[in-house]
Amino acid sequence: MAAPVLELTDARLRYGDRELWSGLDLQVRAGEFLAVIGPNGTGKTSLLRAILGQVTLTSGRIELLGQPVGRGNDRIGYVPQQKPLDQGTPIRARDLVAFGVNGRRWGLPHLSPAERRRVDEALDAVGATAYAKAPVASLSGGEQQRVRIAQSVVGNPALLLCDEPLLSLDLAHQRAVSELIDEQRRRIDTAVVFVTHDVNPILGMVDRVLYLAGGQFRVGTPDEVLRSEVLSEMYGTTVDVFHSRGRIIVVGGPEGSEAHAHHIDEEKHA
Amino acid sequence: MSGSDVWSQIFDFSDYGALLVLVHNSILAGALLGVVGGLIGVFVMTRDLAFAVHGISELSFAGAAAALLLGANVVAGSAAGSLLAALIIGILGARARERNSIIAVLMPFGLGLGILFLALYRGRSANKFGLLTGQIVSVDDPQLLTLVIVSIVVVAALLVIWRPLTFASVDAEVATARGLPVRTLSIVFMVLLGLAVAVSIQVVGALLVLSLLVTPAAAAMRVTASPLVTPLLSVAFAVTSVVGGILLALGGGLPISPYVTTISFAIYLICRVVGARRDVSGRSDRRGRAEAASLGFRP
């Protein structure tokens, strides 16, 4: 088996006297789709920040492509939460994608013909060609997330980190955006670490889940982890996992754990 | 004073040719400052630093007033004040909310210091007003040279960091993830901004720096989102404002800043109108295309 893209060894993270997780061993291979799920405050985003070198592990190691992680990395593609960009931001959709090709290079924003082709291909692959030249701030949330996915994959990253990329999108766009991420990881064989509080939109795509709750974690396929016994043990209380029309609904966990059923509410706000 | 007296005081073009020869250095310097203001203004807008520009300019004014009082180089004093302010704002004010409160605290302090130094100063009173309202026509040769060198340094540095700075400015989260030194870029930018404010103050004065460092870029952004056209338009607007302002101000005995600010404001108004009209037609057009695209996308 090929060397893992991302490897955590006995990783432990605590803030003050609050331990988020410890003894975390995890390997993510190229082309693998890992969902990181669990209620708020269990260290999902902290895990991403640790992979990006923005927080330091209390103990243990994180390696990307066999090297200890540094502060950010250009082999990482990153899809953040959808946040509207300011009106008047002097950037068109395709310029945002171009940053994924050469945003780190000094000088003026000039693209070679080959780079321009890559940007066009990435825009085309996410179905954003129609608004490639529109000011990025004028796009809807779903359109912006498509452009962000194009940006994140255009540099052929080894690892794609997604931090709640579906938040504040309606159901149709949640589905479209997660399908795009799935398609792209197959196209460029990238490892995906996808942080979400709601596993349902990506349930059919994930290879494994990392479930964080109550200072504990479980890793395995969705069928292995998303079960009443497993979650009851993690939460230390009776939790029921229901399957309904291909969706998973978790009932009975303490604060926040019922988040799986939340996105119906969120959709009303979107 | 009759109406025509006021008019001839504002616009007087007698002996224009002779005056033009006298100030042609100043016009060149003004054009260069237009380039500086137009370019850096794009980032001032993208990074939401308009208020910071105003804060830096007040401390720059204090530095210049101190230099005037001590008989030192006014441009150097002005640069010292604005660099100090820019670094304080850059280091302490990473978040917009913190930044605004730091600026609001610094600004009156700087203005107060400046007024103190000017009150103690016993030299020519035109020098005092010049710091607040602009006086390029009276800039002497050594100062002019300083302006030119600083301006060239700022423009050259901006061109070198243009792409990563744009990335870090519009999309800091992803830029950080990709390993860009976002924080360092931000401090470097604040230094460049401090220098740009210090040289701009020599033309338009501390009170009106925004008309050079913000208005042209803001106007450009109303009419385009292209990362190439935005800085070009912004520079064109800034140069037009400064050079036009100097040319109009020559004849009358008034400071040049009202001319510069008025031209700059007029350009902004025109761009708003043009941008609003285009938005109306552009939005419906784009909407149509987006809907077509989403229909093509499988459900």
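Labels below follow one simple rule: chain letters A, B, ... track the order of the sequence lines, proteins then strands, and each chain is numbered from 1. Fair warning: this is a prediction, and the values are worked out from it, not measured in the lab.
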Choice from A/A128, A/G100, A/G142 maximising heavy atom contacts with chain B below 4.5 Å: A/G100

Proximal component of A/L52, with respect to chain B [non-hydrogen, under 4.5 Å]: side chain

For the student: nearest non-hydrogen atoms of A/P90 and B/V42, plus distance: CG-CG1, 4.5 Å

Which atoms of A/L96 approach chain B - backbone, side chain, both or neither, heavy atom under 4.5 Å: side chain

Gap between atom CZ of B/R178 and atom CD1 of A/I76 - 0.5 Å precision: 9.0 Å

Top contributor to chain A interface from B/E173, B/M45, B/M221 [non-hydrogen pairs under 4.5 Å]: B/E173

Residue A/D95 versus chain B: region with a heavy atom under 4.5 Å: side chain

B/F265 CZ: over 12 foreign heavy atoms closer than 6.0 Å: no

Residue, of A/K83, A/R49, A/R148, that accumulates the most heavy atom pairs under 4.5 Å with chain B: A/R148

B/T166 portion near chain A, given a 4.5 angstrom heavy-atom threshold: both

Among B/P164, B/S226, B/A220, residue most engaged with chain A (heavy-atom pairs, under 4.5 Å): B/P164

Heavy-atom pair with the smallest gap, counting every atom of B/R163 and A/R105: NE-O, 3.2 Å

Nearest-0.5 Å distance, CZ of residue A/R92 to CG of residue B/L228: 8.5 Å

Reported CG-to-CH2 distance for the pair B/L159 and A/W106, which is rounded to 0.5 angstrom: 13.5 Å

Max heavy-atom pair count under 4.5 Å with chain B, selected residue of A/G77, A/G107, A/P109, A/G155: A/G107

Chain B contact via A/R104 - which portion, at a heavy-atom distance below 4.5 Å: both

Residue among B/T230, B/D171, B/V229 with most heavy-atom pairs under 4.5 Å to chain A: B/D171

